[in-house]
Each structure stands twice: as structure tokens, then as C-alpha cells.
Amino acid sequence: MENHSTKKLYEYLSQKSGEAYKDPLLIASVVLSKQETNGRILEMYLAGETPPKLTFFFTSKKFFLYFIKNFLSFTLCLATAFLHRISGQKFCGEETEELTILDTFFIEDKILESGRFEDIYFPGLAQHLTKMNKVYAYVPKLFGSGNPFKLFQVFKILKNVNTPVLTHFQLLNLSDYLKVACFLFLYPFSVLRFIKTLGNSYEDQILRYGLWAVFGSVVLDSHIRFLFGKRLSSTKINKIKCISWYENQVSDKNLYRGLRYFGRKVEIIGIQPARWCDTFLNWTADEREIPFDVVPDRLLVNGPGYCFPSDNIQVEVGPSLRDKFIYEYDAQTAKGEFILVLMPYHKHVADFILSVICKVNWSVPVKIKFHPITDQKEYEARIPNMFSVTNEPISDLLPGALMAVGRGTGAQIQVAACGIPVIDIKNPNEFSHNAMPEIGKGIIWDSATTAEEVNSLAEQFLKSMQSNPLRLQEEGLRIKSLYFSEPSEKLIHRAFSLD
């Protein structure tokens with residue numbers, strides 16, 4: 001980590017999680033897992049802000065919300081389990097000798113809209129497993145409303161299209177749900193005991209506030225993942241390999257802990273195929289957490305530029321499964337017909353980007369591509385008529401993109417790797433993540449904070465495209481060589497030990 005303050009906070013939280021995880025219930029804490037939360041720990045720390053005062057009303061309200069939200073979620077979970085059984089969706093490979101599980105996101109709305117499941121996180125991997133006669137099943141991290149009736153429709157679709165999916169609803173039984181209820185009762189007291197151990201240092205004050213800020217959040221999902229992993233590891237399957245989209249979140253940690261609960265040799269491969277930066281604290285695997293069985297055996301990063309030295313974690317370059325298209329992109333056939341706006345996951349950043357680009361006098365049409373989980377309806381009234389919204393994949397948009405603008409999204413670096421200029425729009429008054437590397441800055445990408453600066457950079461890049469297009473292509477190749485790795489069949493087989 002290059003930023004001293006970021007590194008200092010990471011080391012502090014690493015030390016505290018090492019102390020806290022002696023109580024296994026606290027592995028469910030998103031704050032101790034260094035994830036982004038509404039407690040804004042990182043933002044406060046970098047700005048040197050004093051955390052808000054914790055009042056009796058504030059803490060009492062959080063305590064009340066905790067029990068209301070979690071037991072409501074628990075009720076919905078039980079209802080979903082019942083509807084799952086009715087749906088008939090089931091994975092039938094529980095008696096196999098070897099099983100590869102693909103731990104990734106299933107986006108509820110996308111499945112309902114298309115009437116099928118499309119793997120946008122590990123594209124092509126299932127086909128390789130099938131080709132090698134490997135039995136596999138998706139283990140979904142369900143992302144959506146949590147509405148039992150919507151999920152019932154999802155289960156019916158998955159059954160009808162024969163997608164091999166193994167959910168916790170299939171494996172957990174009544175005793176497991178009783179354990180979930182016990183966890184929900186005991187967890188807040190574990191958090192309170194840990195909070196009492198914190199002192200009065202600035203870091204302790206921030207952590208204390210962060211823990212209380214999220215106290216009223218739903219926590220049962222991570223414990224369900226633990227129980228699911230535990231159930232799966234107790235089956236008759238002799239060998240389990242877990243290929244996991246790894247962000248070092250509580251959902252990841254608890255699944256791994258469950259899979260290793262009985263001491264079985266389970267191979268866990270964590271994949272980080274997205275662009276990350278120092279301020280994504282949870283994305284950095286923490287060596288102090290290895291004794292708690294929550295870290296993958298191997299970590300596959302997207303390119304050599306993401307490798308880091310470690311005596312205890314095996315870090316390798318894996319195939320860029322989601323980025324195959326950048327190796328198929330042909331700059332010679334590019335048309336340069338529109339500006340591509342790449343919206344990030346974070347709403348406040350997307351709001352600022354939209355406010356800036358609406359003031360720019362663009363000479364070509366503008367196409368906006370939102371993050372897959374963004375509710376586009378929230379922006380309909382704010383998007384000018386001369387702009388359009390697209391749901392096309394990046395691979396289809398690149399040939400027509402003249403340049404791109406965005407902030408905090410890995411799609412920016414995909415675009416730059418193809419030799420297309422990128423303008424990074426940063427709000428100087430509010431924290432946001434920078435997804436771009438230092439290399440190429442001022443050549444193929446640069447930052448802007450106002451519409452005037454965006455205009456200036458757009459003109460600068462247009463001149464570069466006309467006067468020295470080869471330099472842009474060379475810089476794109478540099479970025480590609482550092483942050484991507486071509487997903488060849490040979491690399492896929494080696495990375496996932498498929499031979």
C-alpha cells in the first residue's frame with residue numbers, strides 16, 4: 001500500500017481482527033473485515049475527522065434495529081427455504097467423488113429479465129470444466145431484494161434451464177436454522193464485549209463508532225454461509241475444490257471456515273479478476289487471519305501488476321476470464337463514434353459524474369453504461385435527451401468508443417488497455433476510489449474535477465489521437481501487459497489445476 005494513512009489503518013484493523021476473531025461469531029463483522037460500510041471508517045480516517053458522539057439514543061436505536069431487521073430477515077429466509085423446496089430446484093451431484101464449486105454472484109433481476117443465468121463473473125469457466133468432465137455446481141451469492149417470491153421465480157428458472165446450482169436452502173435442515181437463531185441472539189453481545197476492550201486512541205474511537213454505525217445491519221447471511229460450508233464438507237464427496245470470487249468479505253470468510261470445519265483437505269482458490277486499489281482495504285488478503293481458516297489456499301490475480309510478496313499466501317497470475325475481449329479488440333477497425341460513460345457501483349460517485357458530464361459540450365453522442373446492480377430508473381429524469389443509456393457489454397461498445405469517462409470502476413482500465421483515452425472524474429470534496437494505475441497518466445488517461453477540465457482533456461486526447469495514435473496504443477499495451485493475462489486454455493487449466 002502506497003498511501004501511508006491507508007496502510008496504517010489497514011495494519012490497525014488487521015491487528016484488531018486478529019484479536020476479535022478469537023470469538024468466531026465476530027467473523028461476521030463487516031467492519032472487522034475491512035469492508036466499506038455506512039460507518040465511513042476509511043473516509044473519516046483519511047480526512048482526520050472526529051467520529052460522531054455515541055449517544056444513548058443512537059446505541060439503543062441500533063440495538064432495536066438489529067433485532068427487528070435480523071429476525072425479519074430470518075423469517076424471510078425460512079419462507080424462501082420453503083418456497084425453494086416447492087420449486088423443485090436441486091443439484092443432484094451430491095454423491096460424486098469430486099466436486100468443483102463456483103462461488104460467485106447471482107443477480108436476481110438479471111435472471112428474471114433474461115429468463116436464464118449468464119455467468120458474467122467467470123465467463124467460459126463452466127464450459128472448460130464440462131470439457132474436462134469435471135462435476136461442478138454454482139454456489140450463489142444471491143444479490144437482490146431478498147423477496148421470497150422473486151427468488152422462487154429464480155429457482156424455477158434455474159431448474160428449467162438446468163443450471164447446476166447448489167444453494168444453502170438445499171443442504172440446511174431445521175437444526176441449522178435453530179443455530180442461526182442462536183447466532184442472531186448471541187452476536188450482539190460478542191460485539192459489545194469487543195467494543196469494551198477498545199481504548200481511547202483515535203483509531204479505537206473510529207473503530208468503536210464504525211461498529212455501532214453498522215450494529216443495526218443484517219448479519220445472518222454470513223453465518224448461513226458458514227453453516228452451508230460446514231454441511232457441504234460433511235457430505236460423502238471425497239474431494240472439494242472451491243473457485244471463489246474473492247473480495248475478502250464476511251461472506252467469503254465464513255464459507256471458507258465452514259468448508260474447513262472438519263479438518264478436511266478442501267482446495268480454495270480465490271480469484272480477484274477485477275481492478276482494485278489501496279483504498280479497497282478488504283481486497284488485500286490478511287496474513288494475520290490465516291489461523292482462523294478464512295483465507296484462500298491460492299490467490300489468482302488478474303495480472304502481474306497485482307502480485308504482491310507473501311510468505312504465507314500463494315499468489316499467482318490467473319486468467320483474465322472477464323477480459324478476453326481486450327485481446328480480440330482491433331484498434332484499426334475502431335470507429336470512434338461516441339463518448340462512453342462508465343458508471344461505478346457507488347451512487348454518490350455516479351451522481352457527481354452525471355452532474356459534470358451534463359455541463360460538457362460534447363461533439364459526439366454520449367452513451368451511459370451503468371453498473372450491473374444499479375437501479376437505472378433512479379436516473380431517468382436526470383439524463384438529458386441527447387444522452388442514451390446502454391446495456392450492451394463493454395466488448396460490443398469498445399469499437400465505437402472515441403474515449404471514456406468514469407470513476408472507481410474496473411471498466412476504465414479495460415478501456416485504457418485497448419488504447420482508448422480515459423477521463424477520470426473526481427469529486428474534490430468527497431472521497432472516492434481511484435481505479436486507474438499511475439502508469440499512463442497524462443498520456444492515455446488523466447483526472448478532471450470540473451466540466452471545463454473534462455473539455456480540456458477531451459481536446460487534448462483528440463489531438464493525441466490525430467497526431468500520435470501509436471503512442472496511445474503503446475501505452476494501452478503497457479497497461480494490458482501489467483494488469484491483464486490472456487485467458488488461454490493452457491493458463492486456465494494450469495491456474496485451476498484441471499489436468
[atom1] of [X]: more than 12 outside heavy atoms within 6.0 angstrom?
X      : atom1 : result
Lys426 : NZ    : no
Asp396 : CG    : yes
Lys324 : NZ    : no
Tyr202 : OH    : yes

Does the side chain of [Y] come within less than 4.5 Å of [X]'s, by heavy atoms?
X      : Y      : answer
Leu402 : Ile339 : yes
Glu475 : Trp445 : no
Ile268 : Tyr246 : no
Phe352 : Ile425 : yes
Val165 : Gln89  : yes
Ile492 : Leu498 : yes
Met403 : Val422 : no
Leu300 : Gln272 : no

Answer yes if the side chains of [X] and [Y] hold a donor-acceptor pair under 3.5 Å, and no otherwise.
X      : Y      : result
Ser33  : Asn282 : no
Asp424 : Gln412 : yes
Ser201 : Tyr12  : no
Thr390 : Glu392 : yes
Gln35  : Asn248 : no
Glu486 : Ser320 : no

Where is the tightest heavy-atom contact between [X] and [Y], given as atom of each residue plus distance?
X      : Y      : answer
Gly146 : Glu108 : N-OE1, 3.7 Å
Cys418 : Leu398 : SG-CD1, 3.6 Å
Thr6   : Leu281 : CG2-CD2, 3.5 Å
Asp446 : Gly442 : OD2-CA, 3.5 Å
Leu457 : Ser447 : CD1-O, 3.5 Å
Thr284 : Tyr10  : O-OH, 3.1 Å

- Message: If you apply the rule side chain to side chain donor-acceptor pair (under 3.5 Å), what do you find for Gln376 with Asn391, and how did you get there?
- Response: CA-CA 10 Å; Gln376 299 179 17; Asn391 291 315; 2.8 Å; yes
Test item: [X] side-chain N/O and [Y] main-chain N/O as donor-acceptor pair under 3.5 Å:
X      : Y      : result
Thr130 : Ala126 : yes
Arg322 : Ile120 : yes
Arg298 : Ala495 : yes
Asn468 : Ser464 : no
Arg260 : Asp293 : yes
Ser29  : Leu32  : yes
Thr163 : Lys159 : no
Thr96  : Leu99  : no
Asp119 : Phe122 : yes
Lys265 : Ile240 : no

Excluding sequence neighbours, so at least two apart, what forms ring-ring contact (aromatic ring centres under 6.0 Å, His included) with [X]?
X      : result
Tyr121 : Phe105, Trp245
His493 : His128
Phe117 : Phe106, Tyr138

First locate atom [atom1] of [X], then atom [atom2] of [Y], and finally report the distance between them rounded to the nearest 0.5 Å.
X      : Y      : atom1 : atom2 : value
Ser222 : Ile224 : OG    : CD1   : 8.5 Å
Thr167 : Leu158 : OG1   : CG    : 9.0 Å
Thr409 : Lys369 : OG1   : NZ    : 9.5 Å

- Message: side chain to side chain donor-acceptor pair (under 3.5 Å), that's the test. Do Asn302 and Asp323 meet it? Break it down for me.
- Response: CA-CA 9 Å; Asn302 211 43; Asp323 309 302; 3.1 Å; yes
- Query: Please, which pairs that meet salt bridge (Lys or Arg N to Asp or Glu O under 4.0 Å) have at least one residue in residues 373-387, sequence neighbours excluded?
  - Reply: Asp351-Arg382
- Do the two ring centres, one from His433 and one from His346, sit under 6.0 Å apart? yes
- Message: Could you check whether Lys480 makes a cation-pi contact with Tyr327, meaning its NZ or CZ is under 6.0 Å from the centre of the six-membered ring and within 45° of the ring axis?
- Response: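 Judged by the rule (NZ or CZ under 6.0 Å from the ring centre, within 45° of its axis), Lys480 counts as positioned above Tyr327.
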- Using side chain to side chain donor-acceptor pair (under 3.5 Å) as the criterion, list what pairs up with Glu289, not counting sequence neighbours.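 Residues passing side chain to side chain donor-acceptor pair (under 3.5 Å) with Glu289: Ser17, Lys34, Lys253.
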- Item | Residues in side chain to side chain donor-acceptor pair (under 3.5 Å) contact with Gln205, at least two apart in sequence or another chain | none
- Look at Asp103 together with Arg225 and state whether they make a salt bridge at an N to O cut-off of under 4.0 Å. yes
- Query: Can you say whether the rings of Phe370 and Tyr379 are parallel (under 30°), tilted (30 to 60°) or perpendicular (over 60°)?
  - Reply: tilted
